[in-house]
**Q** 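The structure is given below, and queries will be raised subsequently.
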Amino acid sequence: MGRRRVKAAARRELTFDEEKRREFLTGFHKRKVERRKAAVEEIKKKIKDEQKKMRAERHKEYLRMLKEREDALEEADELEHMVTSQKQSVLYDHPNHTVIVTTVSELDLSGVGLLGLDSREVVDGENEEEKGPKRKESPADRKST
């Protein structure tokens with residue numbers, strides 16, 4: 001078994017283009033920079049998409065809150081209508097004068113804070129009157145502080 005000889009015409013000859021070879025060997029840095037640039041662009045794109053999502057989410061939340069507020073206002077209007085519809089007036093005629101008694105509603109609004117009770121007026125179930133009279137500040141007291 002011997003080695004077969006290949007005819008000279010059938011042999012293939014490889015030729016290198018020196019410019020392409022030089023470009024390949026010296027282009028590693030350039031290709032690395034291009035990959036980094038592409039990665040940075042991809043990250044920027046992802047950030048933009050995320051910001052878009054966040055804006056859309058905030059907008060949805062805003063619309064939801066707006067709807068809740070409109071519903072609450074409608075509910076308040078209904079409540080107001082109920083309160084005004086429960087208004088009763090009774091007229092009493094006396095010889096010297098006329099008395100009109102109007103019952104507005106039996107709703108307890110003190111728990112909602114609509115009656116204007118200040119949290120500083122009531123402390124630990126005691127009114128300020130129960131604590132005792134306060135001493136008025138004299139001008140000498142003001143100078144020392």
Side-chain angles (χ1 to χ4, degrees), residues 1-92 98-145:
M1 293 207 215
R3 232 168 104 181
R4 289 184 356 173
R5 290 191 165 199
V6 180
K7 295 183 182 178
R11 285 190 188 173
R12 295 194 181 192
E13 188 175 315
L14 293 177
T15 57
F16 290 102
D17 184 9
E18 267 309 305
E19 277 300 313
K20 287 184 180 179
R21 182 176 178 273
R22 188 174 299 120
E23 178 66 31
F24 175 76
L25 294 175
T26 60
F28 289 113
H29 178 71
K30 187 191 305 185
R31 288 188 295 273
K32 184 177 181 181
V33 169
E34 286 176 5
R35 281 194 307 269
R36 284 185 178 175
K37 190 183 285 187
V40 167
E41 292 299 320
E42 182 68 24
I43 290 171
K44 284 182 181 179
K45 183 180 176 192
K46 284 182 181 180
I47 289 173
K48 262 188 178 179
D49 290 343
E50 187 68 26
Q51 287 174 341
K52 231 183 217 183
K53 279 185 187 177
M54 293 297 288
R55 276 195 301 269
E57 203 172 293
R58 278 195 313 254
H59 184 67
K60 273 186 185 177
E61 182 70 18
Y62 171 75
L63 291 177
R64 186 185 64 77
M65 288 176 59
L66 187 64
K67 186 178 182 325
E68 285 179 5
R69 181 180 170 99
E70 288 172 353
D71 292 344
L73 288 174
E74 287 175 12
E75 208 173 280
D77 288 343
E78 290 173 9
L79 181 63
E80 183 179 332
H81 176 67
M82 287 174 34
V83 169
T84 56
S85 66
Q86 293 179 359
K87 201 179 244 190
Q88 297 175 355
S89 296
V90 179
L91 180 68
Y92 296 103
T98 304
V99 176
I100 300 175
V101 177
T102 305
T103 304
V104 176
S105 176
E106 306 239 349
L107 293 175
D108 180 22
L109 300 176
S110 63
V112 183
L114 297 176
L115 291 179
L117 291 177
D118 192 11
S119 62
R120 289 175 279 169
E121 291 178 11
V122 178
V123 178
D124 296 329
E126 296 179 36
N127 289 339
E128 289 187 22
E129 299 163 355
E130 295 173 357
K131 290 182 182 177
K134 285 190 171 182
R135 188 174 70 94
K136 290 188 176 181
E137 233 180 289
S138 67
D141 292 337
R142 286 187 211 143
K143 288 180 184 176
S144 64
T145 54

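It should be emphasised that the depicted structure is a prediction, and the values quoted were computed from it without experimental measurement. Counting from 1, the numbers follow the sequence of the chain as shown.
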**Q** Going by the rule side chain to side chain contact (heavy atoms under 4.5 Å, CB included), which residues pair with Glu61 if we only count those two or more places apart in sequence or in a different chain?
**A**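 Here the qualifying residues are Arg64, Met65.
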**Q** What residues, two or more places apart in sequence or in another chain, satisfy side chain to side chain contact (heavy atoms under 4.5 Å, CB included) together with Thr15?
**A**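 Counting only residues at least two positions away or on another chain, Thr15 forms a side chain to side chain contact (heavy atoms under 4.5 Å, CB included) with Glu13.
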**Q** Looking at residues at least two apart in the chain, or sitting in another chain, which of them share a side chain to side chain donor-acceptor pair (under 3.5 Å) with Lys67?
**A**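 Scan of Lys67 (side chain to side chain donor-acceptor pair (under 3.5 Å), adjacent residues dropped) gives Asp71.
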**Q** How long is the gap from CG on Leu25 to NZ on Lys20, to the nearest 0.5 Å?
**A**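 Spacing of CG (Leu25) from NZ (Lys20) equals 14.0 Å.
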**Q** Which pairs of donor and acceptor atoms, one on a side chain in residues 26-51, lie under 3.5 Å apart (sequence neighbours left out)?
**A**
unit_1	atom_1	unit_2	atom_2	d
Thr26	OG1	Arg22	O	2.6
Lys30	NZ	Glu23	OE2	3.2
Arg31	NH2	Phe24	O	3.2

**Q** Mind running side chain to side chain contact (heavy atoms under 4.5 Å, CB included) on Tyr92 and Thr98 for me, showing each step along the way?
**A** CA-CA 6 Å; Tyr92 296 103; Thr98 304; over 6 Å; no
